[in-house]
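First up is the structure itself, then whatever we jot down about it.
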Amino acid sequence: TFRARCASCHGKNAKGNPNMNKMLKVDLAAINLVDKDTLAKTDADLTATITKGKGKMPVFEGKLKTEEISSLIAYIRSLAGAQ
């Protein structure tokens with residue numbers, strides 16, 4: 001799910017796709033999912049961002065199941081632990 005829905009913007013390693021940050025005109029930190037600010041957010045906060053979108057982040061409500069969102073959050077947190 002991450003590769004199909006998230007990696008194009010957030011990069012394979014979730015640190016942000018440098019090409020996408022230029023295209024979207026956002027700071028690379030805004031699309032880095034393994035930075036301390038993002039990881040400090042609760043699972044509920046991350047779920048809300050995924051489902052409702054935020055800034056240039058698209059809305060995934062109705063496109064991803066609850067289980068997929070939970071798996072995405074767990075996967076992101078696991079990537080952070082691998083650093």
Side-chain angles (χ1 to χ4, degrees):
T1 302
F2 185 85
R3 188 175 342 132
R5 300 288 188 149
C6 311
S8 63
C9 291
H10 296 289
K12 289 188 257 183
N13 61 2
K15 292 182 180 180
N17 178 343
N19 295 324
M20 193 56 74
N21 89 303
K22 290 175 188 172
M23 188 174 94
L24 294 174
K25 296 180 179 150
V26 297
D27 184 25
L28 191 56
I31 56 176
N32 181 343
L33 299 177
V34 292
D35 69 336
K36 65 178 184 138
D37 292 334
T38 301
L39 294 172
K41 294 181 183 200
T42 66
D43 288 358
D45 290 337
L46 294 174
T47 298
T49 299
I50 294 168
T51 56
K52 304 293 182 189
K54 183 175 182 181
K56 296 187 180 187
M57 167 93 176
V59 173
F60 283 97
E61 188 169 43
K63 297 176 185 174
L64 294 174
K65 297 176 184 170
T66 303
E67 300 82 27
E68 290 174 303
I69 294 170
S70 296
S71 293
L72 283 171
I73 293 168
Y75 179 69
I76 292 163
R77 295 198 189 284
S78 76
L79 288 175
Q83 295 185 45

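Quick caveat, the model's predicted, so the values are computed rather than measured.
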Notebook entry, point to check: Does NZ in Lys12 sit with more than 12 non-hydrogen atoms of other residues, nucleotides or ligands closer than 6.0 Å?
Noted result: no
Check: Mind checking whether Leu64 and Leu46 sit in one hydrophobic cluster, side chains of I, L, V, M, F, W, Y counted as touching below 4.5 Å?
Finding: yes
Note to self: Could you check whether any side-chain N or O of Ser70 sits under 3.5 Å from a backbone N or O of Glu67, counting only pairs where one atom can act as donor and the other as acceptor?
What the structure shows: no
Item checked: Rounded distance (nearest 0.5 Å) linking atom CG of Asn21 with atom CD1 of Ile31 -> 5.0 Å
Check: Which pair of heavy atoms, one from Cys9 and one from Leu24, lies closest together, and at what distance?
Finding: SG-CD1, 4.4 Å
Check: Rounded to the nearest 0.5 Å, what separation is found between the OG1 atom of Thr47 and the CD atom of Glu61?
Finding: 11.5 Å
Note to self: So, taking the atom named OG1 in Thr42 and the one named CD1 in Ile73, what distance separates them when rounded to the nearest 0.5 Å?
What the structure shows: 8.5 Å
Notebook entry, point to check: Does His10 offer a backbone N or O that forms a donor-acceptor pair with the side chain of Asn17 under 3.5 Å?
Noted result: no
Checklist line | Nearest heavy atoms of Ala80 and Leu39, plus distance in Å | finding: CB-CD1, 3.2 Å
Check: At what distance, to the nearest 0.5 angstrom, does SG of Cys6 lie from OH of Tyr75?
Finding: 9.5 Å
Checklist line | Where Leu79 and Val34 come nearest, the two heavy atoms and their spacing | finding: CB-CG1, 4.0 Å
Next item on the list: Taking all heavy atoms of Phe2 and all of Gly11, pick out the closest pair and write down the distance.
Entry: CE2-O, 3.2 Å
Notebook entry, point to check: Which is it for Thr51 and Phe60 under the side chain to side chain contact (heavy atoms under 4.5 Å, CB included) test, yes or no, and what are the steps along the way?
Noted result: CA-CA 5 Å; Thr51 56; Phe60 283 97; 6.0 Å; no
Item checked: Spatial distance of atom CG (Leu72) from atom CZ (Arg5) [nearest 0.5 Å] -> 9.5 Å
Next item on the list: State plainly whether the residues Asp35 and Lys15 are in salt-bridge range, i.e. N to O under 4.0 Å.
Entry: no
Notebook entry, point to check: Could you state the interatomic distance from CD1 (Ile69) to OG1 (Thr1), rounded to the nearest 0.5 Å?
Noted result: 10.0 Å
Next item on the list: Following the transitive rule for hydrophobic clusters with a side-chain heavy-atom cut-off under 4.5 Å over Ile, Leu, Val, Met, Phe, Trp and Tyr, establish whether Val26 and Met20 coincide in one cluster.
Entry: yes
Notebook entry, point to check: Hey, does Asp43 have a side-chain heavy atom less than 4.5 Å from the side chain of Asp45?
Noted result: no
